[in-house]
Protein chains: 2
Amino acid sequence: MQSKSMTKQTSPTEPPRGTRSAYVTELLRDMITRGDLESGSRVNERVLVEQLNISRTPLREAFKILEREGLISIQPNVGATVVAFTMDDVEASIEVLIGLETIGAERAAERATQDEIDKVAELHARMVAAFEDSDLMSYFHLNQEIHQNIIDAAHNPALSRVYAAECARIRRFRFAGNRDRSRWERAVREHEQIAEAFARREGPLLRELLRAHHIAGWQKARRALEDDRGAEDKAGSSS
Amino acid sequence: MQSKSMTKQTSPTEPPRGTRSAYVTELLRDMITRGDLESGSRVNERVLVEQLNISRTPLREAFKILEREGLISIQPNVGATVVAFTMDDVEASIEVLIGLETIGAERAAERATQDEIDKVAELHARMVAAFEDSDLMSYFHLNQEIHQNIIDAAHNPALSRVYAAECARIRRFRFAGNRDRSRWERAVREHEQIAEAFARREGPLLRELLRAHHIAGWQKARRALEDDRGAEDKAGSSS
DNA sequence: TTCACGTAAATTGCATGCAACATTGCCGAA
DNA sequence: TTCGGCAATGTTGCATGCAATTTACGTGAA
């Protein structure tokens with residue numbers, strides 16, 4: 001910890017490749033997504049500087065980036081806090097994501113290359129495998145990747161960009177969707193249909209399948225999150 | 001609500017209200033929108049530091065923000081350049097904006113308060129007045145404000161946020177749309193219908209009117225911009 | 001000519017010190 | 001007690017210096 005020279009090992013876990021700024025941005029994003037930094041909590045510069053072994057300059061740059069991404073909020077002369085989402089906020093984001101996929105689905109069905117279709121098929125196969133292994137983490141990531149790949153197949157850079165950003169904002173609230181096995185199984189079946197519709201370039205069908213998929217997933221996730229939140233409120237009011 | 005940022009030069013003793021970081025971010029955004037910083041050109045820190053009379057720290061923070069907004073691009077250890085849009089890039093953004101308004105229109109028709117409807121009616125009246133005065137600048141800003149207000153009436157914070165961000169990205173390319181009087185007149189008539197549909201809460205109609213409005217506006221703007229670009233290429237500013 | 005290479009200049013990335021602002025805690029008055 | 005004000009502490013905002021990297025340039029060889 002005391003060695004602050006240019007050693008490659010700053011911590012046993014992560015090597016800071018690229019710029020410090022980008023490195024710490026990604027690190028903080030992960031910490032927020034994973035819940036290491038709680039919603040609504042203050043984010044102290046000094047604490048993070050010591051914890052992450054970097055100086056304040058790149059950290060503050062990361063703050064600015066994350067603020068623009070909608071993950072933290074900075075009050076001038078006061079400090080940064082992790083943005084606290086209400087369930088309605090998340091729902092609003094989902095509504096936006098559905099809208100974006102609505103545009104993307106039809107365009108993707110028109111414009112996708114065969115390679116892109118194959119890629120989604122491959123990701124889907126791997127996702128099914130993850131499901132069968134009950135590997136929730138891999139499943140989750142592959143799931144996200146499939147959606148992003150379909151969007152990307154629309155060949156609209158602005159769309160890809162906005163979609164990715166909005167996904168990142170609410171990622172931390174979407175784990176909860178597939179916690180019970182029955183919903184999870186249903187989600188996999190939905191994905192099966194989605195992958196097929198995409199492979200057949202059936203834009204309108206793809207669009208509707210995606211919409212239904214998101215709505216169903218969010219309903220489950222919302223309920224799970226509300227349970228969590230209720231439990232939290234009862235358990236940990238010791239902050 | 002006058003033109004507040006149409007100032008040109010930075011006096012030696014500026015009034016940087018708020019943080020320097022926020023101040024310089026807005027300044028740079030305006031400079032890009034206005035074309036003071038050309039598309040594709042390098043953005044040198046030292047030059048801006050001298051020109052804007054601030055130090056490198058807030059400037060570099062502004063760079064990070066603007067990069068996340070999609071206005072500039074930063075290459076590590078090399079520097080920042082103003083993002084150069086192709087016509088297809090702009091069209092992609094418009095496609096996204098249309099998609100966002102599609103979601104927004106129906107929700108806004110359902111959820112708008114009477115105050116919000118009145119506000120749009122008032123903005124519309126002022127926009128018509130600007131048109132009759134041939135005040136293109138005011139017209140343009142009121143136009144943007146109307147669209148944003150309709151979106152805001154959907155009461156979806158994520159949507160408002162994303163829409164505003166995407167508008168800001170391509171603002172500099174949308175001036176060209178109403179340069180010939182006939183298109184401008186037609187745009188005003190379209191806005192008349194839009195305002196009415198909104199007032200009557202006719203969601204689907206509003207959605208279609210907005211889509212048609214954007215497509216028509218963009219077609220004109222694209223042609224105008226392509227003419228400009230062609231002329232530029234001939235005039236020859238190569239560097 | 002063109003290419004290669006090494007050095008100098010310019011530019012960026014980051015750490016750190018200082019000043020400004022906000023927050024906390026204490027003390028006294030009502 | 002409660003409230004207001006003031007000092008002490010902590011935190012943020014910014015300027016600046018230094019190291020690392022890139023870019024520009026000049027020299028020489030093929």
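The figures here come from the full heavy-atom set of this structure, side chains too, leaving out hydrogens, waters and symmetry mates. Chain letters run A, B, ... following the sequence lines, proteins first and then strands; every chain starts at 1.
For A/T57, no side-chain nitrogen or oxygen approaches OP1 or OP2 of C/dC14 to under 4.0 Å. For the OP1/OP2 pair of D/dT11 and a distance below 4.0 Å, the side-chain nitrogens and oxygens of A/N44 include at least one atom meeting the criterion.
Applying the ring pair (Phe, Tyr, Trp, His ring centres under 6.0 Å) test to every pair with at least one member in residues 69-99 of chain A, sequence neighbours left out, gives these pairs: A/F85-A/F173. Sorted by first and then second residue, the pairs that involve residues 140-166 of chain A and meet salt bridge (Lys or Arg N to Asp or Glu O under 4.0 Å), not counting sequence neighbours, are A/E166-A/R169.
The separation between B/R20 atom CZ and D/dT16 atom P is 11 Å, rounded to whole Å. Taking atom CD on A/Q75 and atom P on C/dC21, their separation rounds to 16 Å, with Å as the unit. To the nearest angstrom, P of C/dA9 lies 15 Å from CZ of B/R46. Following rounding to the nearest Å, B/F63 (CZ) and C/dT12 (P) show an atom-to-atom distance of 7 Å. The interatomic distance linking A/E61 (CD) with D/dG13 (P) rounds to 13 Å, in whole Å. Whole-Å rounding puts the A/I72 CD1 to D/dT12 C1' distance at 13 Å. C/dT11 atom C1' lies 8 Å from atom CZ of B/R42, rounded to whole Å. One interatomic measurement links the two molecules: CG of B/N77 to P of D/dT23, which rounds to 9 Å at whole-angstrom precision.
Taking every side-chain heavy atom of A/T19 into account, C/dC14 is the closest of C/dC14, D/dT23, D/dG13. Between C/dG17, D/dT11, D/dT22, one nucleotide has an atom nearer to the side chain of A/R56 than all others, and that is C/dG17. The nucleotide whose nearest atom lies closest to any side-chain atom of A/S55 is, among C/dT23, D/dT16, C/dT16, C/dT16. The side chain of A/R60 lies closest to D/dG13 when the candidates are D/dT22, C/dA15, D/dG13.
Nearest-nucleotide mapping onto DNA chain D: of A/V78 and B/V78, the residue sitting toward the 5' end is A/V78.
Residue A/V43 is classed as a sugar-phosphate contact, given heavy-atom separations below 4.0 Å to backbone atoms only.
Under the 30°/60° scheme for interplanar angles, the aromatic rings of A/H191 and A/H147 are found to stand perpendicular.
Between the side chain of B/R111 and the main chain of B/A154, a donor-acceptor pair closer than 3.5 Å is present. A donor-acceptor distance shorter than 3.5 angstrom exists from the side chain of A/R42 to the backbone of A/V78, with no hydrogens or angles considered.
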